[in-house]
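Step one of this worksheet: look at the structure below.
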Amino acid sequence: MEGKAHTILQLYENSCSEQKTIPIKLIIDQINTAISSNNQLSTLKLNDYPLDEAQVKAISQIIKSNPFLTRLDMSNCGINDKDFQCLLFALKQRKTVTKLNLQKNKISGGSSAVSTCLAELPFLE
């Protein structure tokens with residue numbers, strides 16, 4: 001199992017490099033915790049952490065490549081419409097995330113817009 005978490009860490013760091021952004025220590029710490037406890041990364045908590053477009057793209061790579069990720073908390077991260085579309089694309093490709101928190105972000109139309117778009121993803125709560 002440890003190899004899979006290491007792979008996720010490498011993929012995330014490579015994606016950050018491609019996006020020309022610095023890897024987020026909070027994410028690296030969560031992946032390393034999963035590695036040290038011989039578990040998979042099933043929850044990613046980024047609430048209240050301001051994210052830019054490049055960071056959201058790098059996080060989307062984690063979503064697309066991690067079959068064990070089931071919970072994602074990105075509340076109050078400054079996510080805008082473009083970031084949201086990037087996340088939606090990743091969530092549609094890897095349908096393992098079942099709990100998603102996007103409250104208090106900068107998505108046009110607020111919670112109704114999120115609800116409308118997420119209706120395409122009935123596996124999400």
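Counting heavy atoms from C-beta on, the side chains of Leu51 and Ile24 come closer than 4.5 Å. Side-chain atoms of Asn101 and Asn47, non-hydrogen and from C-beta on, never get closer than 4.5 Å to each other. Counting only heavy atoms from C-beta outward, the side chains of Ile8 and Leu69 never approach each other to under 4.5 Å. Looking at heavy atoms from C-beta onward, Phe89 lies in side-chain contact with Lys64 at the 4.5 angstrom threshold. Residues Pro23 and Tyr12 meet the side-chain proximity criterion, which asks for heavy atoms closer than 4.5 Å. Between Met74 and Asp83, every side-chain heavy-atom pair lies at or beyond the 4.5 Å cut-off.
Side chain of Asn105 to main chain of Gly78: a donor-acceptor pair is present (N/O by atom type, distance under 3.5 Å, no hydrogens or angles). No donor-acceptor pair under 3.5 Å is formed between the side chain of Ser75 and the backbone N or O of Lys104.
Around the NZ atom of Lys45, the shell of radius 6.0 Å holds no more than 12 heavy atoms that belong to other residues, nucleotides or ligands. Within a 6.0 Å sphere centred on CD1 of Ile22, other residues, nucleotides and ligands contribute 12 heavy atoms or fewer. Within 6.0 Å of the CZ atom in Arg94, the count of heavy atoms belonging to other residues, nucleotides or ligands exceeds 12.
Atoms CD and OG, from Gln93 and Ser65 in turn, are 10.5 Å apart once rounded to the nearest 0.5 Å. A distance of 11.0 Å separates CG in Leu91 from OG1 in Thr98, rounded to the nearest 0.5 Å. Rounding to the nearest 0.5 Å gives a distance of 11.5 Å between OG of Ser42 and CG of Leu72. Residue Thr7 holds its OG1 atom at 10.5 Å from CD1 of Ile31, rounded to the nearest 0.5 Å. Interatomic distance, Asn32 CG to Ser37 OG, rounded to the nearest 0.5 Å: 10.5 Å. Interatomic distance, CD1 of Ile28 versus CD of Glu13, reported as 5.0 Å (0.5 Å rounding).
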* Working for side chain to side chain contact (heavy atoms under 4.5 Å, CB included), residues Leu102 and Leu87 -> CA-CA 11 Å; Leu102 290 173; Leu87 289 171; 4.2 Å; yes

* To do: Check step by step if side chain to side chain contact (heavy atoms under 4.5 Å, CB included) holds for Ile62 and Leu41.
  => CA-CA 10 Å; Ile62 293 174; Leu41 181 67; 4.2 Å; yes

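Ser15 and Ala58 get closest at one heavy-atom pair: OG-CA, 3.3 Å. Nearest heavy atom pair, residue Ser36 against residue Thr33, reads OG-O, 3.1 Å.
Put simply, Leu11 and Leu26 are part of two different groups of oily side chains (I, L, V, M, F, W, Y) that touch within less than 4.5 Å, one to the next.
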